[in-house]
Engineer: 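Once you've had a glance at the structure underneath, I'll fire off some questions.
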Amino acid sequence: MTHPARPLRADAQRNRDRLLEAALLAFANEPSDEVTLERVARDAGVGIGTLYRHFPTREALIEEVYRAELTRLCESAPRLLAALAPDAALRAWMDAFIDYSAAKRGLAEALRTVIAAGGQPFAQSRARMEAALAELLAAGAGSGLRQDVDPYDVLVALSSVSLWVSEPDRRAQGGRVLDLLMDGLRFTG
(Lines give C-alpha, C1' and ligand atoms only; values in the text may rest on other atoms or scores of the structure.)
Protein backbone atom coordinates (compact mmCIF):
# COMPACT_ATOMS: atom_id res chain seq x y z
CA MET A 1 0.00 0.00 0.00
CA THR A 2 1.42 3.36 -1.00
CA HIS A 3 0.83 6.43 1.08
CA PRO A 4 0.24 9.83 -0.48
CA ALA A 5 3.15 12.22 -0.15
CA ARG A 6 2.84 14.53 2.80
CA PRO A 7 2.64 18.21 1.99
CA LEU A 8 5.87 20.08 2.63
CA ARG A 9 6.24 22.36 5.62
CA ALA A 10 5.99 26.02 4.64
CA ASP A 11 9.75 26.61 5.00
CA ALA A 12 10.57 23.49 2.99
CA GLN A 13 8.14 24.59 0.25
CA ARG A 14 9.77 28.03 0.14
CA ASN A 15 13.21 26.41 -0.19
CA ARG A 16 11.96 24.15 -2.97
CA ASP A 17 10.39 27.07 -4.82
CA ARG A 18 13.60 29.13 -4.50
CA LEU A 19 15.63 26.20 -5.83
CA LEU A 20 13.35 25.85 -8.85
CA GLU A 21 13.53 29.58 -9.54
CA ALA A 22 17.32 29.68 -9.24
CA ALA A 23 17.67 26.59 -11.44
CA LEU A 24 15.37 28.02 -14.11
CA LEU A 25 17.44 31.21 -14.28
CA ALA A 26 20.72 29.32 -14.38
CA PHE A 27 19.81 26.64 -16.91
CA ALA A 28 17.88 29.05 -19.16
CA ASN A 29 20.72 31.58 -19.35
CA GLU A 30 23.92 29.52 -19.38
CA PRO A 31 25.24 26.38 -21.02
CA SER A 32 23.92 23.41 -19.06
CA ASP A 33 27.35 21.94 -18.40
CA GLU A 34 28.49 25.19 -16.75
CA VAL A 35 25.67 25.22 -14.18
CA THR A 36 26.70 23.55 -10.93
CA LEU A 37 24.22 22.35 -8.36
CA GLU A 38 26.30 24.09 -5.70
CA ARG A 39 25.73 27.39 -7.47
CA VAL A 40 22.00 26.74 -7.81
CA ALA A 41 21.81 26.07 -4.07
CA ARG A 42 23.85 29.19 -3.28
CA ASP A 43 21.71 31.36 -5.60
CA ALA A 44 18.59 29.98 -3.88
CA GLY A 45 20.05 30.81 -0.48
CA VAL A 46 20.11 27.21 0.75
CA GLY A 47 22.72 24.57 1.38
CA ILE A 48 23.58 21.80 -1.05
CA GLY A 49 22.05 19.25 1.32
CA THR A 50 18.70 21.02 1.00
CA LEU A 51 18.95 20.84 -2.77
CA TYR A 52 19.66 17.10 -2.66
CA ARG A 53 16.79 16.47 -0.21
CA HIS A 54 14.39 17.92 -2.74
CA PHE A 55 16.13 16.77 -5.93
CA PRO A 56 18.38 13.72 -5.55
CA THR A 57 19.92 14.15 -9.03
CA ARG A 58 20.70 16.94 -11.46
CA GLU A 59 18.22 15.40 -13.90
CA ALA A 60 15.47 15.38 -11.25
CA LEU A 61 16.01 19.11 -10.68
CA ILE A 62 15.95 19.95 -14.40
CA GLU A 63 12.85 17.85 -15.02
CA GLU A 64 11.03 19.47 -12.10
CA VAL A 65 11.97 22.97 -13.32
CA TYR A 66 10.31 22.15 -16.63
CA ARG A 67 7.26 20.58 -14.97
CA ALA A 68 6.86 23.57 -12.65
CA GLU A 69 6.78 25.90 -15.65
CA LEU A 70 4.23 23.65 -17.37
CA THR A 71 2.10 23.58 -14.21
CA ARG A 72 2.30 27.36 -13.85
CA LEU A 73 1.05 27.74 -17.43
CA CYS A 74 -1.75 25.17 -17.24
CA GLU A 75 -3.00 26.19 -13.81
CA SER A 76 -3.22 29.83 -14.89
CA ALA A 77 -6.28 29.11 -17.07
CA PRO A 78 -8.88 29.00 -14.26
CA ARG A 79 -7.29 32.01 -12.53
CA LEU A 80 -7.40 34.00 -15.75
CA LEU A 81 -11.04 33.02 -16.32
CA ALA A 82 -11.91 34.14 -12.80
CA ALA A 83 -10.30 37.53 -13.36
CA LEU A 84 -11.00 38.33 -17.03
CA ALA A 85 -13.63 37.97 -19.71
CA PRO A 86 -13.20 34.63 -21.53
CA ASP A 87 -11.65 36.13 -24.68
CA ALA A 88 -9.25 38.29 -22.64
CA ALA A 89 -8.37 35.27 -20.50
CA LEU A 90 -7.57 33.22 -23.61
CA ARG A 91 -5.43 36.04 -25.04
CA ALA A 92 -3.56 36.41 -21.72
CA TRP A 93 -2.97 32.64 -21.68
CA MET A 94 -1.54 32.87 -25.18
CA ASP A 95 1.01 35.40 -23.92
CA ALA A 96 1.80 33.09 -21.01
CA PHE A 97 2.31 30.24 -23.51
CA ILE A 98 4.87 32.34 -25.40
CA ASP A 99 6.70 33.00 -22.11
CA TYR A 100 6.56 29.29 -21.24
CA SER A 101 7.96 28.40 -24.66
CA ALA A 102 10.82 30.84 -24.21
CA ALA A 103 11.68 29.24 -20.85
CA LYS A 104 11.50 25.78 -22.40
CA ARG A 105 13.83 26.87 -25.19
CA GLY A 106 16.28 28.13 -22.60
CA LEU A 107 16.12 24.75 -20.87
CA ALA A 108 16.46 22.74 -24.10
CA GLU A 109 20.09 21.72 -23.58
CA ALA A 110 19.48 20.72 -19.98
CA LEU A 111 16.32 18.80 -20.94
CA ARG A 112 18.29 16.80 -23.50
CA THR A 113 20.43 15.46 -20.64
CA VAL A 114 17.26 14.42 -18.79
CA ILE A 115 15.98 12.58 -21.87
CA ALA A 116 19.38 10.92 -22.41
CA ALA A 117 19.21 9.66 -18.82
CA GLY A 118 15.81 8.05 -19.49
CA GLY A 119 13.55 10.84 -18.22
CA GLN A 120 10.33 11.77 -19.98
CA PRO A 121 9.72 15.41 -19.12
CA PHE A 122 7.24 15.93 -21.97
CA ALA A 123 5.11 12.84 -21.27
CA GLN A 124 1.94 14.73 -20.34
CA SER A 125 2.70 18.22 -21.66
CA ARG A 126 0.42 18.15 -24.69
CA ALA A 127 -2.55 16.70 -22.80
CA ARG A 128 -2.23 19.26 -20.01
CA MET A 129 -1.95 22.20 -22.40
CA GLU A 130 -4.88 20.93 -24.49
CA ALA A 131 -6.99 20.63 -21.34
CA ALA A 132 -6.19 24.21 -20.34
CA LEU A 133 -7.02 25.44 -23.84
CA ALA A 134 -10.24 23.41 -23.89
CA GLU A 135 -11.32 25.09 -20.65
CA LEU A 136 -10.57 28.54 -22.06
CA LEU A 137 -12.26 27.83 -25.39
CA ALA A 138 -15.36 26.36 -23.72
CA ALA A 139 -15.69 29.44 -21.53
CA GLY A 140 -15.38 31.65 -24.59
CA ALA A 141 -17.88 29.69 -26.68
CA GLY A 142 -20.76 31.38 -24.89
CA SER A 143 -19.30 34.83 -25.33
CA GLY A 144 -18.36 35.20 -28.95
CA LEU A 145 -15.62 32.67 -29.59
CA ARG A 146 -16.12 29.90 -32.12
CA GLN A 147 -17.45 26.64 -30.74
CA ASP A 148 -15.95 24.38 -33.41
CA VAL A 149 -12.28 24.85 -32.50
CA ASP A 150 -10.03 21.93 -31.65
CA PRO A 151 -7.70 22.90 -28.77
CA TYR A 152 -4.84 21.06 -30.49
CA ASP A 153 -5.21 23.30 -33.56
CA VAL A 154 -4.79 26.35 -31.34
CA LEU A 155 -1.81 24.70 -29.65
CA VAL A 156 -0.17 24.13 -33.05
CA ALA A 157 -0.74 27.78 -33.99
CA LEU A 158 0.68 28.96 -30.66
CA SER A 159 3.71 26.72 -31.08
CA SER A 160 4.35 28.22 -34.50
CA VAL A 161 4.16 31.76 -33.14
CA SER A 162 6.45 30.85 -30.25
CA LEU A 163 9.08 29.57 -32.69
CA TRP A 164 8.89 32.82 -34.63
CA VAL A 165 9.29 35.02 -31.57
CA SER A 166 12.36 33.17 -30.35
CA GLU A 167 14.29 36.21 -31.55
CA PRO A 168 13.76 39.06 -29.03
CA ASP A 169 13.06 41.68 -31.71
CA ARG A 170 10.09 39.64 -32.94
CA ARG A 171 8.02 39.72 -29.72
CA ALA A 172 5.90 42.69 -30.82
CA GLN A 173 5.10 41.01 -34.12
CA GLY A 174 4.25 37.83 -32.22
CA GLY A 175 1.68 39.80 -30.24
CA ARG A 176 0.11 41.05 -33.44
CA VAL A 177 -0.05 37.51 -34.80
CA LEU A 178 -1.74 36.36 -31.59
CA ASP A 179 -4.28 39.18 -32.04
CA LEU A 180 -4.96 37.85 -35.56
CA LEU A 181 -5.42 34.35 -34.13
CA MET A 182 -7.93 35.74 -31.64
CA ASP A 183 -9.80 37.45 -34.50
CA GLY A 184 -9.99 34.08 -36.25
CA LEU A 185 -11.35 32.50 -33.08
CA ARG A 186 -14.12 35.12 -33.03
CA PHE A 187 -15.14 34.59 -36.69
CA THR A 188 -18.44 32.78 -36.90
CA GLY A 189 -18.77 32.53 -40.67
Side-chain angles (χ1 to χ4, degrees), residues 1-82 92-136 151-152 155-156 158-159 161-163 165-168:
M1 177 174 155
T2 60
H3 298 283
R6 284 192 327 227
L8 294 175
R9 294 184 331 260
D11 61 327
Q13 185 64 53
R14 277 190 304 275
N15 288 342
R16 185 178 190 285
D17 292 344
R18 288 196 313 247
L19 284 163
L20 290 172
E21 184 178 318
L24 174 62
L25 286 172
F27 286 111
N29 294 311
E30 296 180 32
S32 177
D33 60 347
E34 293 180 18
V35 176
T36 66
L37 296 184
E38 291 79 8
R39 188 181 122 220
V40 170
R42 185 179 62 247
D43 290 352
V46 301
I48 191 69
T50 299
L51 183 145
Y52 281 115
R53 268 193 301 283
H54 289 282
F55 309 103
T57 66
R58 177 184 187 84
E59 291 77 17
L61 173 62
I62 295 166
E63 189 165 353
E64 190 55 31
V65 166
Y66 169 73
R67 288 179 195 254
E69 289 302 298
L70 176 66
T71 297
R72 184 183 340 252
L73 171 68
C74 294
E75 290 181 357
S76 70
R79 287 192 303 275
L80 289 168
L81 285 169
W93 195 89
M94 289 177 173
D95 281 327
F97 179 89
I98 299 300
D99 294 340
Y100 154 82
S101 293
K104 188 173 83 171
R105 254 188 313 283
L107 288 169
E109 181 184 341
L111 286 166
R112 279 190 287 277
T113 65
V114 171
I115 294 165
Q120 297 180 357
F122 308 121
Q124 297 177 358
S125 300
R126 177 179 164 186
R128 292 185 66 196
M129 286 185 277
E130 280 188 71
L133 274 167
E135 180 179 3
L136 289 158
Y152 185 62
L155 187 59
V156 169
L158 289 174
S159 296
V161 174
S162 75
L163 286 173
V165 301
S166 61
E167 298 295 322

Engineer: Does either side chain, that of Thr36 or that of Arg39, offer a donor lying less than 3.5 Å from an acceptor on the other one?
Structural biologist: no
Engineer: Are Arg72 and Tyr100 in a cation-pi contact, defined as NZ or CZ under 6.0 Å from the six-membered ring centre and within 45° of the axis?
Structural biologist: no
Engineer: Any heavy-atom pair between the side chains of Thr113 and Asp33 that's under 4.5 Å?
Structural biologist: no
Engineer: What heavy-atom pair brings Leu155 and Arg126 nearest, and what distance separates the two atoms?
Structural biologist: CD2-CG, 4.2 Å
Engineer: So Phe27 and Leu111, do their side chains get closer than 4.5 Å, heavy atoms only?
Structural biologist: no
Engineer: Does any N or O in the side chain of Ser101 come within less than 3.5 Å of the main-chain N or O of Phe97, such that one atom is a donor and the other an acceptor?
Structural biologist: yes
Engineer: Drop me the distance from His54's NE2 to Asp17's CG, to the nearest 0.5 angstrom.
Structural biologist: 9.0 Å
Engineer: Which atom names give the shortest non-hydrogen contact between Ala117 and Glu59, and what distance separates them?
Structural biologist: CB-CG, 3.9 Å
Engineer: Measuring from atom CG of Leu80 to atom CD of Glu135, what distance do you get when rounded to the nearest 0.5 angstrom?
Structural biologist: 10.0 Å
Engineer: Please tell me if the side chains of Arg58 and Val114 come closer than 4.5 Å, counting only heavy atoms from C-beta onward.
Structural biologist: no
Engineer: Taking all non-hydrogen atoms of both residues into account, name the closest pair between Leu133 and Pro151 and its distance.
Structural biologist: CD1-O, 3.6 Å
Engineer: Compare all side-chain heavy atoms of Phe55 with those of Ile62 and state whether any distance is below 4.5 angstrom.
Structural biologist: no
Engineer: Kindly determine whether Leu70 and Met129 satisfy side-chain contact (heavy atoms from CB on, under 4.5 Å), including the steps that lead there.
Structural biologist: CA-CA 8 Å; Leu70 176 66; Met129 286 185 277; 3.9 Å; yes
Engineer: CG/Leu37 to CG/Leu51 distance, rounded to the nearest 0.5 angstrom?
Structural biologist: 5.5 Å
Engineer: Any chance you could lay out the side chain to side chain donor-acceptor pair (under 3.5 Å) test for Thr71 and Arg128, step after step, and finish with the verdict?
Structural biologist: CA-CA 8 Å; Thr71 297; Arg128 292 185 66 196; 3.2 Å; yes
Engineer: Working to the nearest 0.5 angstrom, can you tell me the gap between Ser76 OG and Leu136 CG?
Structural biologist: 7.5 Å
Engineer: Is Arg16 salt-bridged to Glu21, cutoff N-O under 4.0 Å?
Structural biologist: no
Engineer: Would you please test Leu20 and Leu61 for side-chain contact (heavy atoms from CB on, under 4.5 Å) and show each step?
Structural biologist: CA-CA 7 Å; Leu20 290 172; Leu61 173 62; 4.3 Å; yes
Engineer: Enter the distance from Glu69:CD to Asp99:CG here, rounded to the nearest 0.5 Å.
Structural biologist: 9.5 Å
Engineer: Can you list the steps and then say if Tyr66 with Leu24 is a side-chain contact (heavy atoms from CB on, under 4.5 Å)?
Structural biologist: CA-CA 8 Å; Tyr66 169 73; Leu24 174 62; over 6 Å; no
Engineer: Compare every heavy atom of Ile98 with every heavy atom of Leu158, then report the nearest pair and how far apart it is.
Structural biologist: O-CD1, 4.0 Å
Engineer: Please find the pair of heavy atoms, one from Ala23 and one from Val65, that lie closest to each other, and give the distance.
Structural biologist: CB-CG2, 3.6 Å
Engineer: Determine whether Arg79 and Trp93 make a side-chain contact, defined as any pair of heavy atoms from C-beta on separated by less than 4.5 Å.
Structural biologist: no
Engineer: Salt bridge (Lys or Arg N to Asp or Glu O under 4.0 Å) for Glu38 and Arg42? Distances and angles first, verdict last.
Structural biologist: CA-CA 6 Å; Glu38 291 79 8; Arg42 185 179 62 247; over 6 Å; no
Engineer: Could you pull out the closest heavy-atom pair between Ala60 and Thr57, with the gap in Å?
Structural biologist: N-OG1, 2.9 Å
